[in-house]
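The next block holds one structure in the form of C-alpha cells; read it before the comments.
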Amino acid sequence: MLTSRGGAAALLLALTGLLALFMPTARAQEPAGVILNVDMTLSREGVLEVTERVAVPPGEQFTMSLPLRVQISEDSERRFAVTDIETTGPGTAEVADDLFTIEAGPGESTFRYSVQNTVSDAEGSQVFRWFGVLNVDIAEIHATLISPSFEMGIVECLLGPIGNTRPCAEVHIEPDGVLYLDQTNLHKGESVDLTLQIPPGTVPSNADISGPGSSPFAITGPVIIAFALLLAAAAALAGYLLWARRQTGAAEPIPPLAHAEGRTQFSSPAGILPGEAGVLLDGNADTTDIAATVVDLAVRNYLWIGRIGETQWRMVRVNPADEQLRPYERAVYDALLPAGTDEVTVADLAAPGRLPAEPLRRTMLTDAVERGAFIDPGRRRVPLWLGAALIVLGAGVTVAAALLSGHALVGVAIAVAGAGLLAVQRFLPARTAYGRTLTGQVRGLQQGLEQVNSAQIPAGDRELVFSRGLPYMIVWSRADNWVRTFRDIDPSADDDPGLYWFGGFEGDRDLHRFAGHFPYFITAVEGVLSAR
C-alpha cells in the first residue's frame with residue numbers, strides 16, 4: 001500500500017509539473033509609478049555627494065525639491081547649499097528661490113550634485129541631516145548612505161506631509177556602516193527627513209544655522225573671525241610702520257673728519273653724496289638738492305664758479321665729466337654745460353627751457369632706486385591696486401552674503417581692509433632696508449657736521465674741509481652756520497689765494513665777504529630751478 005500511494009503521489013507531481021509547463025506563468029506585479037534610487041556619500045570634507053536615478057513611466061512627471069532654508073525651531077533656521085550639479089537624460093536641476101529643484105520627464109534620468117552645510121556639532125557627536133520634499137507621487141524610493149565612519153546611528157527618520165510626519169518603516173544600518181532606506185507609496189507633498197549621528201570630529205562641522213528673521217549683518221562666528229584677522233593685520237602693519245620709522249630716526253653722530261699722518265680730511269659715510277643725502281632725508285629730489293650738487297661739482301673741480309659784479313655769477317668748465325660722476329651728477333653737469341658750451345651765467349640758465357628741473361629730479365630719484373636705497377615705484381603701487389581690489393571684493397561679498405547666506409559683515413571687513421590699505425599706502429616706507437641704513441648714516445653725518453669747529457683742523461686743511469662739507473650743509477639749510485663757523489679761516493693758508501672753486505675774493509684773508517655773497521648765489525640757482 002505504501003508503495004502504491006507513493007507511486008500515485010509521484011504521478012500527481014509529474015502531472016502538476018507538465019501543467020505548469022503549458023500554463024501561462026503569473027508574473028509579479030511591478031509597482032506602477034516613479035521609482036527613485038538615491039546613493040549618498042558623506043565625504044571627509046563634510047560634503048554630501050548625491051547620485052539620484054529616476055525612472056518615470058510614460059505620461060508621468062517627477063519633481064522633487066530640496067529646501068535650502070529649513071526652519072528648525074521658532075527662532076532659528078538652517079541653510080543648505082547645492083553645488084556641482086550634473087544631469088543626464090531628460091531631467092533638469094536648478095537652484096532658485098532658496099530651493100534646489102529636480103524635474104524629470106518620462107524615461108530614466110540621473111542627477112549628481114553636492115550638498116553643503118549638512119553636518120553640525122552636538123554634545124559628544126556630530127549630526128548629519130538630509131531633507132527633501134516630493135511634488136509628485138512616488139511608487140518606490142530606495143536610498144543608501146555611506147559616511148567616513150561606519151559608526152552611524154539613526155537619530156530620526158520621518159516621512160509624510162510637513163507637520164504631520166510618521167517614522168520611516170524600512171530604514172536600517174548594516175554592520176558594514178551602510179544605511180539603507182526603502183519606502184513605497186509616497187505621495188505628493190510628503191517629505192523625507194533623515195537625521196544621523198556620527199562620532200565627533202569625523203568631518204568638519206559646516207552647518208549654517210541662524211535665526212530666520214536675523215539680519216544678514218548680524219555678528220556671527222565668521223564675522224568675528226574676519227574682524228579679528230583685520231585687527232591683527234592692522235596691528236602688524238602699525239608695528240611695521242613704527243619699526244620702519246625708528247630705523248630712520250635719530251642716530252649717533254658720525255664724525256666727518258678723518259685724521260691721518262698729520263692731515264685732516266673730510267669723509268662721508270658710505271661715500272654718500274650731497275644730492276643723494278637730500279633725497280634720502282625726505283624721499284624727494286628738490287631744488288636745494290640740485291643746487292647742492294652744483295656746488296659739489298665745483299668743489300670737486302668739475303666746475304669753477306666766478307662772481308660777475310655784485311649780483312651775477314658764471315660757471316666755467318674745468319674738467320670733463322668722467323666715470324667718477326654718478327648718473328644724476330652727469331645729468332646736472334650736462335644740463336649746466338651741454339656739449340660745445342664751456343661757460344654759462346646764471347642769467348643764461350634763466351632762459352625758458354635752458355635748465356629743465358623736472359628731468360633732473362627724476363634722474364636723482366632713479367639713481368636712488370638703482371642704488372637700492374628706494375623701492376621701485378612700480379612695486380610701491382602694489383598696495384594701491386591691492387587696496388582697490390579688496391574694496392571691490394568686499395563690496396561683492398557683502399552683497400552676495402546679504403542675499404544668500406548671511407555673514408555680510410565679512411565683506412565689510414574685507415572692504416575696510418582695502419580702505420585701510422589705501423589710507424596707509426602713502427605712509428608705507430619708500431626706502432629699502434639698505435636705504436634706511438644710509439638715511440641713518442646721513443642723520444649721523446648731519447649731527448657730526450654740527451659739532452665741527454675749525455680749530456680742530458690744521459690751518460692748511462681748513463679750506464678743503466670747509467668746501468667739502470658746504471654742499472651737505474646746503475642740503476639741510478645750514479649753510480649759513482657752516483660759513484659762520486669757518487668765516488675767519490685764511491683761504492690762502494694752503495699757499496693758493498682765495499677759495500679754489502669760487503672766484504672773486506682772491507685777495508681776502510678770510511671768508512667774510514664770501515659769506516655775504518654766497519647765499520645769493522644759492523638763492524639764484526634755486527630760483528632758476530624753481531621757475532622751471
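Everything quoted here is computed from the prediction, not taken from an experiment.
- E506 places a side-chain N or O within donor-acceptor distance of the main-chain N or O of G504, the cut-off being under 3.5 Å.
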Take V50 and T41, measure what side-chain contact (heavy atoms from CB on, under 4.5 Å) needs, and give me the verdict at the end. CA-CA 7 Å; V50 182; T41 301; over 6 Å; no
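- Checked against the 6.0 Å centroid criterion, the rings of F505 and H517 qualify as a close aromatic pair.
- Taking every heavy atom of both residues into account, A292 and V475 meet most closely at CB-CG2, 3.6 Å.
- A salt bridge links R361 to E358: at least one charged side-chain nitrogen sits closer than 4.0 Å to a carboxylate oxygen.
- Residues passing the salt bridge (Lys or Arg N to Asp or Glu O under 4.0 Å) test with R317 are D342, sequence neighbours excluded.
- Legend: residues meeting side chain to side chain donor-acceptor pair (under 3.5 Å) with N453, ordered by chain and number and at least two apart, are absent.
- D508 is linked by a salt bridge (Lys or Arg N to Asp or Glu O under 4.0 Å) to R513, counting only residues two or more places apart in sequence or in another chain.
- Using modelled atom types, one side-chain atom of D348 and one backbone atom of T345 make a donor-acceptor pair closer than 3.5 Å.
- Separation of atoms CG (L390) and CG (L393) is listed at 6.5 Å; rounding is to 0.5 Å.
- By the 4.5 Å heavy-atom criterion applied to side chains, D488 and H512 are counted as neighbours.
- Among residue pairs with one or both ends in residues 280-299, those qualifying as salt bridge (charged side-chain N to carboxylate O under 4.0 Å, His left out) are D296-R300; sequence neighbours excluded.
- Summarising the geometry, atom CZ belonging to F514 is positioned 9.5 Å from atom CD1 belonging to I489; distances are rounded to the nearest 0.5 Å.
- For E526 and T288, the side-chain atoms include at least one donor-acceptor pair closer than 3.5 Å.
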As a quick check of understanding, evaluate side-chain contact (heavy atoms from CB on, under 4.5 Å) for R326 and R371, giving each step before the final call. CA-CA 10 Å; R326 294 262 287 278; R371 194 180 183 194; 3.5 Å; yes
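- Between R436 and W243, some side-chain heavy-atom pair lies under the 4.5 Å cut-off.
- The closest side-chain heavy-atom distance from R79 to L68 is not below 4.5 Å.
- Across every non-hydrogen atom of L445 and P256, the tightest pair is CD1-CB, 3.7 Å.
- The CG atom of N319 sits 7.5 Å away from atom OH of Y302, with the distance rounded to the nearest 0.5 Å.
- Using a 3.5 Å distance cut-off with no hydrogens or angles, the side chains of Q116 and T83 do pair a donor with an acceptor.
- In this structure, a donor-acceptor pair under 3.5 Å is absent between the side chains of Y500 and N301.
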side-chain contact (heavy atoms from CB on, under 4.5 Å) assessment of I85 paired with V95: CA-CA 9 Å; I85 302 170; V95 174; 4.0 Å; yes
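- Nearest heavy atoms, P491 versus L511: CG-CD2, 4.1 Å.
- Within the model, atoms OG1 of T293 and CG of L360 stand 9.0 Å from one another, a figure rounded to the nearest 0.5 Å.
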Go through the steps to decide whether V279 and D367 satisfy the test side-chain contact (heavy atoms from CB on, under 4.5 Å), and finish with yes or no. CA-CA 10 Å; V279 174; D367 181 81; over 6 Å; no
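- For F227, the ring-ring contact (aromatic ring centres under 6.0 Å, His included) test picks out no residue, with sequence neighbours left out.
- Looking at M315 and L349, their side chains come closer than 4.5 Å, going by heavy atoms from C-beta outward.
- Smallest separation of non-hydrogen atoms from L336 and L355: CD2-CD1, 4.2 Å.
- Judged by distance alone, with hydrogens and angles left aside, the side-chain atoms of T398 form a donor-acceptor pair with the main-chain N or O of V412 at under 3.5 Å.
- Note that OG1 of T485 and CZ of R462 are 12.5 Å apart. Values are rounded to the nearest 0.5 Å.
- Separating the CE atom in M40 from the CG atom in L48 is a distance of 6.5 Å, to the nearest 0.5 Å.
- Of the possible donor and acceptor atoms, none in the side chain of E450 sits under 3.5 Å from a partner among the backbone N and O of Q447.
- For the pair A321 and R330, the tightest heavy-atom approach, listed with the atom from each and the gap, is CB-NH1, 3.6 Å.
- In this structure, the salt bridge (Lys or Arg N to Asp or Glu O under 4.0 Å) partners of R314, at least two apart in sequence or on a different chain, are E343.
- For P359, the side chain to side chain contact (heavy atoms under 4.5 Å, CB included) partners are P356, R362, not counting sequence neighbours.
- In this structure, the side chains of D510 and D490 stay at 4.5 Å or more apart for every pair of heavy atoms.
- Contact detail for S492 and R509: the closest heavy-atom pair is OG-NE, 3.1 Å.
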Name each donor-acceptor pair under 3.5 Å that joins a side chain in residues 465-473 to protein atoms two or more places apart or in another chain, with its distance.
from, atom 1, to, atom 2, distance (Å)
S467, OG, E463, O, 2.9
S467, OG, W501, NE1, 2.8
Y472, OH, I272, O, 2.6

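- Applying the ring-ring contact (aromatic ring centres under 6.0 Å, His included) test to F80 and every residue at least two apart in sequence or in another chain returns nothing.
- Counting heavy atoms from C-beta outward, W482 and V452 have side chains that approach closer than 4.5 Å.
- For E49, there are no salt bridge (Lys or Arg N to Asp or Glu O under 4.0 Å) partners at least two apart in sequence or on another chain.
- You'll find the side chain of I290 reaches within 4.5 Å of the side chain of M364, heavy atoms only.
- Counting heavy atoms from C-beta outward, L99 and P67 have side chains that approach closer than 4.5 Å.
- Y113 places no side-chain N or O within donor-acceptor distance of the main-chain N or O of T87, the cut-off being under 3.5 Å.
- For T202, the side chain to side chain contact (heavy atoms under 4.5 Å, CB included) test picks out Q126, P148, S149, I198, P199, with sequence neighbours left out.
- A donor-acceptor pair is defined here as one N or O able to donate and one able to accept, closer than 3.5 Å; such a pair exists between the side chain of Q312 and the backbone of A347.
- Residues satisfying the side chain to side chain donor-acceptor pair (under 3.5 Å) criterion with R484, sequence neighbours excluded, are N481.
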